[in-house]
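Throughout, protein chains are lettered first and strands after them, A, B, ... in sequence-line order, and every chain is numbered starting at 1. From a predicted model like this one, the values you see are computed outputs, not experimental measurements.
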Amino acid sequence: MGALQADFYARPVVEVARELIGCVVEHAGVAGTIVETEAYHESEPACHAFVGVTPRTKTLFGPPGLAYVYRSYGIHAMLNAVCEPEGVGAAVLIRALEPLEGLGEMRLRRGVVASREGSSPAELCSGPGKLAQALAVELAHNGCDLARGPVRIYEGSGSPRTVVALPRVGISQAQDLPWRFCALDSAHVSRPRPQPALRAG
DNA sequence: CATGGGATTGACT
DNA sequence: GTCAATCCCATGC
């Protein structure tokens with residue numbers, strides 16, 4: 001299993017968002033499998049790149065395969081993977097992970113204690129702010145190469161997942177686009193969760 | 001230079 | 001269900 005290279009990201013952002021489900025993010029001694037993503041593209045107003053190139057959005061227009069990290073609500077860091085050819089502003093927001101390695105370290109960084117509420121693997125990385133904190137991803141990682149690190153993304157090694165497309169979360173514009181992707185069977189995604197599979201009979 | 005608005009989360013009614 | 005925390009940056013004077 002190897003790190004995903006620039007050609008993987010240099011494609012339509014919605015396609016990359018769907019295919020990142022099942023891949024693995026690793027940083028600072030901890031790792032997790034991606035179970036939820038959202039796509040953002042300069043052509044729609046929910047994307048930071050909609051306003052064009054500014055100091056903030058410069059990374060989004062850069063070469064594919066870079067990390068775009070920004071601060072949300074003054075508190076949380078958000079980890080994105082820059083997509084599409086250089087010059088096109090687009091990225092995939094990593095929204096939830098299934099923890100693989102370094103659970104104890106994740107709990108320390110999240111400030112939750114093992115065997116207490118909020119410390120279960122399903123809650124450690126179930127949201128973009130949470131996973132950035134658990135992985136110790138900071139604004140300083142903005143622009144880092146996801147193939148070379150320190151923050152890296154690897155191709156998935158597990159069995160393929162059933163992926164569902166849903167409207168994106170927490171935005172006030174372009175709410176109709178079904179550009180949020182979740183692993184259907186995962187208990188590790190953020191809210192609102194996909195409808196549980198309906199059972200026939 | 002002042003202002004306003006978030007790609008969120010956790011605590012509380 | 002409601003609400004505040006808190007900081008970066010786009011925008012407008």
Side-chain angles (χ1 to χ4, degrees), chain A residues 9 12-18 20-21 25 32 34-62 66-84 88-97 99 106-114 116-144 146 151 153 164-183 187-194:
Chain A
Y9 301 99
V13 67
V14 173
E15 199 175 308
V16 178
R18 178 180 279 275
L20 276 174
I21 303 292
V25 188
I34 299 172
V35 292
E36 180 180 349
T37 61
E38 282 178 4
Y40 287 88
H41 188 272
E42 63 178 30
S43 63
E44 44 91 13
C47 182
H48 291 169
F50 186 68
V51 299
V53 181
T54 65
R56 181 198 206 188
T57 63
K58 186 175 146 221
T59 311
L60 280 172
F61 289 89
L66 299 186
Y68 168 56
V69 184
Y70 69 94
R71 189 166 300 291
S72 176
Y73 292 94
I75 303 173
H76 307 285
M78 302 280 135
L79 173 63
N80 300 252
V82 174
C83 292
E84 311 245 355
V88 178
V92 173
L93 171 67
I94 313 296
R95 285 192 58 89
L97 305 178
M106 289 184 179
R107 288 194 189 94
L108 279 178
R109 292 176 184 149
R110 291 284 327 284
V112 297
V113 181
R116 299 270 326 247
E117 194 174 344
S119 69
S120 77
E123 296 174 83
L124 276 180
C125 298
S126 57
K130 292 177 173 183
L131 75 88
Q133 186 177 30
L135 296 191
V137 169
E138 311 282 347
L139 293 201
H141 294 112
N142 186 43
C144 104
L146 291 169
V151 183
I153 301 182
V164 289
L166 302 162
R168 293 174 295 181
V169 178
I171 55 172
S172 56
Q173 310 254 13
Q175 296 171 334
D176 52 314
L177 297 175
W179 284 4
R180 178 190 183 212
F181 299 98
C182 296
H188 301 74
V189 304
S190 71
R191 293 169 186 263
R193 295 189 194 285

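- With distances taken from any side-chain atom of A:T54 to the nucleotides C:dA10, B:dA7, B:dT9, the minimum falls on C:dA10.
- Each of C:dC8, B:dT8, C:dA10 was ranked by its minimum atom distance to the side chain of A:R71; first place goes to C:dC8.
- When the side-chain nitrogen and oxygen atoms of A:R95 are compared with OP1 and OP2 of B:dT8, one or more of them lie within a distance under 4.0 Å.
- Between the A:T59 side chain and the A:Y68 main chain, no donor and acceptor come within less than 3.5 Å of each other.
- What separates OH of A:Y73 from C1' of B:dG6 is a distance of 5 Å, to the nearest Å.
- Counting to the nearest Å, the C1' atom of B:dG6 and the CG atom of A:L93 are 13 Å from each other.
- Following rounding to the nearest Å, A:F50 (CZ) and B:dG6 (C1') show an atom-to-atom distance of 16 Å.
- A:Y40 qualifies as a stacking partner of the B:dA7 base, centre to centre under 5.5 Å and near-parallel within 30°.
- Per the geometry, CE belonging to A:M78 stands 15 Å off P belonging to C:dC9, to the nearest Å.
- In this structure, A:E42 contributes its side chain and A:C47 its backbone to no donor-acceptor pair below 3.5 Å.
- Among the nucleotides B:dA7, C:dT11, C:dC8, the one closest to any side-chain atom of A:V51 is C:dT11.
- The CG-P distance, from A:L124 to B:dG10, rounds to 11 Å in whole Å.
- If you measure from atom CG of A:L131 to atom C1' of B:dT9, you get 13 Å, rounded to the nearest angstrom.
- Ranking C:dA10, B:dT8, C:dC7 by closeness to the A:H76 side chain, first place goes to B:dT8.
- When atom types are taken as modelled, the side chain of A:T57 and the backbone of A:L60 share no donor-acceptor pair closer than 3.5 angstrom.
- Computed from coordinates, the A:H48 NE2 to B:dA7 C1' distance equals 6 Å when rounded to whole Å.
- Between A:P55 and A:I75, the residue anchored closer to the 5' end of DNA chain C is A:I75, taking for each the nucleotide with the nearest heavy atom.
- Within the structure, a side-chain polar atom (N or O) of A:R110 is placed less than 4.0 Å from OP1 or OP2 of B:dG10.
- Within the 4.0 angstrom heavy-atom criterion, no nucleotide atom of any strand lies near A:R180.
- With a cut-off of 3.5 Å on both Watson-Crick or G-U wobble distances, the partner of B:dA7 is given as none.
- Base pairing analysis places C:dT6 opposite nothing; no Watson-Crick or G-U wobble pair with both distances below 3.5 Å involves it.
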Given side-chain hydrogen bond (donor to acceptor under 3.5 Å, both in side chains), test A:R110 with A:Q133 step by step and report yes or no.
CA-CA 6 Å; A:R110 291 284 327 284; A:Q133 186 177 30; 3.3 Å; yes
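- The closest donor-acceptor contact from the side chain of A:Q175 to the backbone of A:I171 lies under 3.5 Å.
- Rounded to whole Å, the distance from CZ on A:R168 to P on B:dG6 is 14 Å.
- In this structure, the nucleotide among C:dT11, B:dT9, B:dG6 sitting nearest to the side chain of A:K130 is B:dT9.
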